[in-house]
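Notes to accompany the following structure.
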Amino acid sequence: QVQLVESGGGLVQAGGSLRLTCAASGSTFGSYAMGWFRQAPGKEREFVAAINWSYGTSYYTDSVKGRFTISRDNTKNTVYLQMNSLKPEDTAVYYCAHYAGSAFNWYIRGSGPNSYDYWGQGTQVTVSS
């Protein structure tokens, strides 16, 4: 079992910044990667970013490249999502998730929600125009 707790969401004006935090606990030993997803009202959950625990390699969905940065602190079992230049279309509930797979095909499988087995409760991010 892996427990994930997100924090850091809130209301911000367009152009502003927020940093989301995801604290992982439980059976995290051997975990390969973590991801961030978001879900806006009436829309499907979509991939935002993912990061590998060991090497810190990461990748992003195109809409957030250059604005969002995912990072991790292995000593704290914590993953962060720094969000800059926020736009109203970034408004959503943001979830962190534990990747259930291995290194094999990570860059392909890591963007699919079905590749993740544990999810946090989500944190609301609202960007006003």
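Looking at Q82 and S17, their side chains come closer than 4.5 Å, going by heavy atoms from C-beta outward. Using a 4.5 Å cut-off on side-chain heavy atoms (C-beta onward), H98 and M34 make contact. Counting heavy atoms from C-beta outward, Y99 and S31 have side chains that stay 4.5 Å or more apart. Looking at W36 and I70, their side chains come closer than 4.5 Å, going by heavy atoms from C-beta outward.
Residues satisfying the ring pair (Phe, Tyr, Trp, His ring centres under 6.0 Å) test with Y107, not counting sequence neighbours, are Y59. Qualifying side-chain contact (heavy atoms from CB on, under 4.5 Å) partners for A103, counting only residues two or more places apart in sequence or in other chains: Y32. Remark: R72 pairs with I51, W53, N74, V79 by the side-chain contact (heavy atoms from CB on, under 4.5 Å) rule, at least two apart or across chains. Looking at residues two or more places apart in sequence or on another chain, you find no salt bridge (Lys or Arg N to Asp or Glu O under 4.0 Å) involving K76. Residues passing the side-chain contact (heavy atoms from CB on, under 4.5 Å) test with Q1, sequence neighbours excluded: Q3, Y118. Evaluation of the side-chain contact (heavy atoms from CB on, under 4.5 Å) rule for V64 yields R38, V48, Y60, T61, R67, F68 as partners, not counting sequence neighbours. Residues forming a ring pair (Phe, Tyr, Trp, His ring centres under 6.0 Å) with F37 (at least two apart in sequence, or on another chain): F47, Y116, W119.
Side chain to side chain, Q124 and T126 meet the donor-acceptor criterion of an N or O pair below 3.5 Å. Side-chain atoms of D73 and T78 form no donor-acceptor pair, as typed in the model, at a separation below 3.5 Å.
Taken to the nearest 0.5 Å, the CZ atom of R109 stands 6.5 Å off from the OG atom of S102. Annotation: the span from Y95 atom OH to L20 atom CG amounts to 12.5 Å, rounded to 0.5 Å.
Screening residues 92-129 for disulfide (SG to SG under 2.5 Å) gives C22-C96 as the qualifying pairs, with residues at least two apart or on separate chains. Within the structure, disulfide (SG to SG under 2.5 Å) contacts touching residues 34-71 (residues at least two apart or in different chains) do not occur. Screening residues 25-74 for disulfide (SG to SG under 2.5 Å), with sequence neighbours left out, gives no hits. Applying the disulfide (SG to SG under 2.5 Å) test to pairs two or more places apart or on separate chains, none has a residue in residues 53-82. Applying the salt bridge (Lys or Arg N to Asp or Glu O under 4.0 Å) test to every pair with at least one member in residues 20-35, sequence neighbours left out, gives no pairs at all.
The main-chain N or O of I108 is never found under 3.5 Å from a side-chain atom of N105 such that the two would form a donor-acceptor pair. The closest donor-acceptor contact from the side chain of E6 to the backbone of G122 lies under 3.5 Å.
A single hydrophobic cluster is seen to contain both L86 and L81, as judged by linkage of ILVMFWY side chains at heavy-atom distances under 4.5 Å, directly or through other members. Tracing side-chain contacts under 4.5 Å through hydrophobic residues (I, L, V, M, F, W, Y), one reaches V125 starting from L4; they form part of the same cluster.
What you find for N52 and A33 is that their closest heavy atoms are CA-CB, 4.0 Å. Between A14 and S129, the shortest heavy-atom contact is CB-CA, 4.4 Å.
A salt bridge is absent between D90 and K87; no separation between the charged side-chain nitrogens and carboxylate oxygens falls under 4.0 Å.
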